[in-house]
Peer 1: 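Handing you a structure now.
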Amino acid sequence: SGAPALALSYRRNRHASDLTFAIQRSTDLTVWTTVTPEPVATTRADVLTDTVTIRVGTLAPVTFLRLQVTSP
């Protein structure tokens, strides 16, 4: 679409249904906001894991992403 964006790839255990994944964005590494990413691709890395690539739009010239994984 021509809009500025960042791509993030991470490995996810395909059988871990008890984990929650959230993508967060910050411009100052202090305040983090959860964002809804645009899925780009999910590929099988090996028997247990997938590699997930997402795209997050950005408006600021400096933007940081982090993956927050939680377990109940």
Peer 1: Please check if Val35 and Tyr10 belong to a single hydrophobic cluster, counting links between Ile, Leu, Val, Met, Phe, Trp and Tyr side chain heavy atoms closer than 4.5 Å.
Peer 2: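 Same cluster: Val35 reaches Tyr10 through Ile, Leu, Val, Met, Phe, Trp or Tyr contacts under 4.5 Å.
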
Peer 1: Taking all heavy atoms of Thr27 and all of Val62, pick out the closest pair and write down the distance.
Peer 2: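 Minimum heavy-atom contact is CG2-O, 3.4 Å.
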
Peer 1: For side chain to side chain contact (heavy atoms under 4.5 Å, CB included), just list the numbers for Arg11 and Asp46, CA-CA rounded to whole Å, side-chain angles, deciding distance to a tenth of an Å, and then say yes or no.
Peer 2: CA-CA 10 Å; Arg11 290 176 67 127; Asp46 55 45; 2.5 Å; yes

Peer 1: Keeping Ser26 on the side-chain end and Val31 on the backbone end, is there a donor-acceptor pair under 3.5 Å?
Peer 2: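 Yes, Ser26 side chain to Val31 backbone: donor-acceptor pair under 3.5 Å.
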
Peer 1: Side chains of Thr63 and Arg25: is there a donor and an acceptor less than 3.5 Å apart?
Peer 2: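 No donor-acceptor contact under 3.5 Å links the two side chains.
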
Peer 1: Please report the interatomic distance CD(Gln24) to CD(Gln68), rounded to the nearest 0.5 Å.
Peer 2: 4.0 Å

Peer 1: Is any side-chain heavy atom of Leu48 closer than 4.5 Å to one of His15?
Peer 2: yes

Peer 1: Any chance you could lay out the salt bridge (charged side-chain N to carboxylate O under 4.0 Å, His left out) test for Arg14 and Asp50, step after step, and finish with the verdict?
Peer 2: CA-CA 6 Å; Arg14 64 179 49 219; Asp50 291 333; 2.4 Å; yes

Peer 1: Can you give me the closest heavy-atom contact between Leu29 and Phe64, atom names plus distance?
Peer 2: CD2-CG, 3.5 Å

Peer 1: Centre of Trp32's six-membered ring, under 6.0 Å away, within 45 degrees of the axis: is that where NZ or CZ of Arg66 sits?
Peer 2: yes

Peer 1: Roughly how far, to the nearest 0.5 Å, is OG of Ser71 from CG of Leu19?
Peer 2: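 Reported value, rounded in 0.5 Å steps: 5.5 Å.
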
Peer 1: Test Ile54 against Val56 for side chain to side chain contact (heavy atoms under 4.5 Å, CB included), laying out the working first.
Peer 2: CA-CA 7 Å; Ile54 55 94; Val56 176; 3.4 Å; yes

Peer 1: Please determine whether side chain to side chain contact (heavy atoms under 4.5 Å, CB included) holds for the pair Ile23 and Leu67, giving the CA-CA distance in whole Å, both sets of side-chain angles, and the decisive distance to 0.1 Å.
Peer 2: CA-CA 5 Å; Ile23 308 299; Leu67 175 68; 3.5 Å; yes

Peer 1: So which heavy atom on Arg12 is nearest to which on Phe21, and how close?
Peer 2: CG-CZ, 3.4 Å

